[in-house]
Structures are given as C-alpha cells and as structure tokens.
Amino acid sequence: MNMQCAALSDRFISITGPDASKFLQGQASCDIDNLSNTRFSFGTLNTPKGRMYCLFKVIKIKNGLLLSMNASLLEKTLTTLNKYAVFFKCTLTEETSYRAAGIFVEDNYDEFLSAVNNDDNTVFSLSQHQNAYWLNLSSKKHLCVIWYNEDKGKPNSLKEMAALSKEEWLSKETCCGIPELYDNSSEEFILQTLNLQKLGAVSFKKGCYTGQEVIARIATYRNSSQKNS
C-alpha cells in the first residue's frame with residue numbers, strides 16, 4: 001500500500017463545557033447536532049453580513065468539540081468567539097499539542113480505512129486509531145486527514161509513509177473541491193462562493209446562526225435562478 005503524508009499547518013481550538021454544542025450551533029453554518037463519534041463536518045464562522053472569517057473542520061470529543069483551521073485564522077477566531085462565549089457555560093482553549101497531517105493513499109484505500117477502524121468509507125466519516133482521529137476527506141481521491149496529540153506520540157503509521165509536500169497536498173484538496181481560507185482572504189467570501197455547500201459546511205434546516213440571513217437569501221436566489229433558467 002503506497003501512502004504519502006504531508007505535515008499541515010492547522011491549529012486547533014477546543015470548546016468544552018455543558019454549553020459547548022449549544023454555543024457553536026449559534027455561531028457556525030454547519031449543524032453541530034449532526035456530529036457523532038463516526039462523523040465530522042466542515043463549517044464556517046461568519047460575520048453578520050454572511051462573510052466567512054473562519055473555515056474549519058469539527059469533531060465531537062469528550063466534554064465538547066475540537067476544531068481545526070488554518071494557522072493564520074486562529075487568533076481572530078479565538079478573539080471573535082470569546083466575545084460570545086461569555087454568555088455560555090463553555091471554555092475555548094487553543095490546543096497547542098495537536099498536529100494535523102494529510103494522507104494520500106495511492107491504492108487499496110478501503111483497506112487503509114479499515115486498518116484505522118474507519119469501516120464507513122463514505123465522505124466525512126471519522127474514526128479513532130492509535131490515539132488519533134482519522135477524517136476521511138475523499139474516498140474517490142483517496143484523501144484522509146489525521147489529528148494527533150503530539151504529547152502522546154506520533155502514530156507509527158505516519159512514520160512509515162513517504163513525504164508529500166504541502167503544495168502537493170493542497171493541489172489534491174483542490175481537485176476534491178476543498179478550498180483554504182487564510183487571514184488575507186478572511187471576510188472576503190460568502191460560503192457559497194467557494195461551493196462549501198457541496199462539502200456539507202452549511203445546513204439550511206438548522207436554527208439561527210450569525211450570518212444566516214444573507215447565506216439563506218443567496219441559496220434562495222440561486223435555487224430560483226436555476227428553476228427559471
């Protein structure tokens with residue numbers, strides 16, 4: 001099984017406490033209630049005008065949630081979320097010990113997923129193996145992301161993989177329709193501009209969240225235009 005690994009510059013924020021899910025549900029575009037031990041999600045945090053200031057992945061953990069994002073977005077995300085977190089029973093913490101790596105498996109991807117306890121090879125499936133989280137990004141393109149706690153040691157699986165440059169990894173993500181958001185492009189886009197609805201990063205059925213009105217209007221306009229074309 002030919003596997004390659006790219007070290008990613010993602011940074012992590014945990015949101016813990018009894019109101020963790022309730023708090024993020026009111027801020028994020030994705031439906032936090034749909035997360036499970038076998039399911040992760042993309043999501044965005046938006047200004048009241050619907051413009052993204054953060055694009056993230058999120059999973060459920062003990063006592064709360066764990067989010068990853070581009071390193072350049074971390075400070076702004078923490079500062080903005082903490083303005084609202086004071087009204088909830090939850091704590092936001094930068095998890096400095098966590099690391100992320102992107103994995104490309106050239107062949108036998110189903111076998112690879114099974115080896116890391118991810119028997120559900122659908123997109124956005126999640127598993128735990130070797131004290132790490134394994135996030136399936138694309139079964140078609142054979143892409144997976146691993147999150148691990150460096151204090152607990154780097155998983156042996158990664159040590160056996162050939163190196164993949166970050167540029168090569170970003171190219172593979174792009175082929176899957178997965179964009180990146182950086183500090184210099186923060187608040188430049190509404191999520192539909194980057195087709196994030198195709199990645200399940202938004203729910204049009206959940207309750208209110210910051211920026212929802214603008215995002216919903218664009219969805220309605222697009223649906224109406226498609227019907228009339």
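A quick note: this is a predicted structure, and the numbers were derived from the prediction, not measured.
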Approximate separation, where rounding is to 0.5 Å, of Glu111 CD and Asn108 CG: 5.0 Å
Carefully, step by step, assess Asn118 and Ser125 under the rule side chain to side chain donor-acceptor pair (under 3.5 Å). CA-CA 7 Å; Asn118 194 330; Ser125 56; 3.0 Å; yes
Mind checking whether Leu55 and Asn70 have side chains closer than 4.5 Å, heavy atoms only? no
In chain order, what residues pass the ring pair (Phe, Tyr, Trp, His ring centres under 6.0 Å) check against Phe88, with sequence neighbours excluded? Phe23
Please step through side chain to side chain donor-acceptor pair (under 3.5 Å) for the pair Lys60 and Ser36, ending with a clear verdict. CA-CA 6 Å; Lys60 286 183 67 175; Ser36 71; over 6 Å; no
Side chain of Thr47, backbone of Lys49: donor and acceptor closer than 3.5 Å? yes
Residues in side chain to side chain contact (heavy atoms under 4.5 Å, CB included) contact with Asn34, at least two apart in sequence or another chain: Asp31
With a 4.5 Å heavy-atom cut-off, do Leu126 and Asn37 have their side chains touching? no
Any side-chain heavy-atom pair of Asp33 and Lys206 under 4.5 Å: no
Can you give me the closest heavy-atom contact between Gly50 and Ile190, atom names plus distance? O-CG1, 3.5 Å
Listed partners of Phe12 passing ring pair (Phe, Tyr, Trp, His ring centres under 6.0 Å), at least two apart: Tyr98, Trp147
I'd like to know if the side chain of Asn117 and the backbone of Gln128 have a donor-acceptor N/O pair within less than 3.5 Å. yes
CG of Leu135 to OG of Ser127, rounded to nearest 0.5 Å, is 8.0 Å
What residues, two or more places apart in sequence or in another chain, satisfy side chain to side chain donor-acceptor pair (under 3.5 Å) together with Asn2? Glu106
Hey, could you give me each pair passing salt bridge (charged side-chain N to carboxylate O under 4.0 Å, His left out) that has a residue in residues 172-187? Not counting sequence neighbours. Lys76-Glu187
Gap between atom OH of Tyr109 and atom NZ of Lys140 - 0.5 Å precision: 14.0 Å
Taking every non-hydrogen atom, the tightest pair across Phe40 and Asn136: CE2-O, 3.5 Å
If you compare all heavy atoms of Leu65 against all heavy atoms of Ala20, which two are closest, and at what distance to 0.1 Å? CD1-O, 3.9 Å
Of all heavy-atom pairs linking Tyr53 and Leu73, the shortest is O-CD2, 3.7 Å
Applying side chain to side chain donor-acceptor pair (under 3.5 Å) to Thr210 and Asn46, what does each step give before you reach the verdict? CA-CA 6 Å; Thr210 304; Asn46 312 281; over 6 Å; no
Heavy-atom donor-acceptor pair, Thr174 side chain to Leu170 backbone, under 3.5 Å: yes
Rounded at 0.5 Å granularity, tell me how far CG in Leu24 sits from CG in Leu67. 5.5 Å
Donor-acceptor pair, distance only, cut-off 3.5 Å: does the side chain of His129 make one with the backbone of Val116? no
Quick one: ring pair (Phe, Tyr, Trp, His ring centres under 6.0 Å) partners of Phe56, sequence neighbours excluded? none
Reported CD-to-CD1 distance for the pair Gln27 and Ile15, which is rounded to 0.5 angstrom: 9.0 Å
Is the shortest side-chain N to carboxylate O distance from Glu188 to Arg51 below 4.0 Å? no
Go through the steps for Phe124 and Ser138 under the test side-chain contact (heavy atoms from CB on, under 4.5 Å), then give the verdict. CA-CA 8 Å; Phe124 314 138; Ser138 174; over 6 Å; no
Verdict with reasoning, Leu45 to Leu81, per side-chain contact (heavy atoms from CB on, under 4.5 Å): CA-CA 9 Å; Leu45 299 169; Leu81 287 181; 3.9 Å; yes
Output yes when a side-chain donor or acceptor of Thr80 lies under 3.5 Å from a complementary backbone atom of Thr77, and no otherwise. no
For the CD atom of Gln192 and the OG atom of Ser29, what is their distance to the nearest 0.5 Å? 9.0 Å
Around atom CD of Glu75, are there more than 12 heavy atoms from other residues, nucleotides or ligands closer than 6.0 Å? no
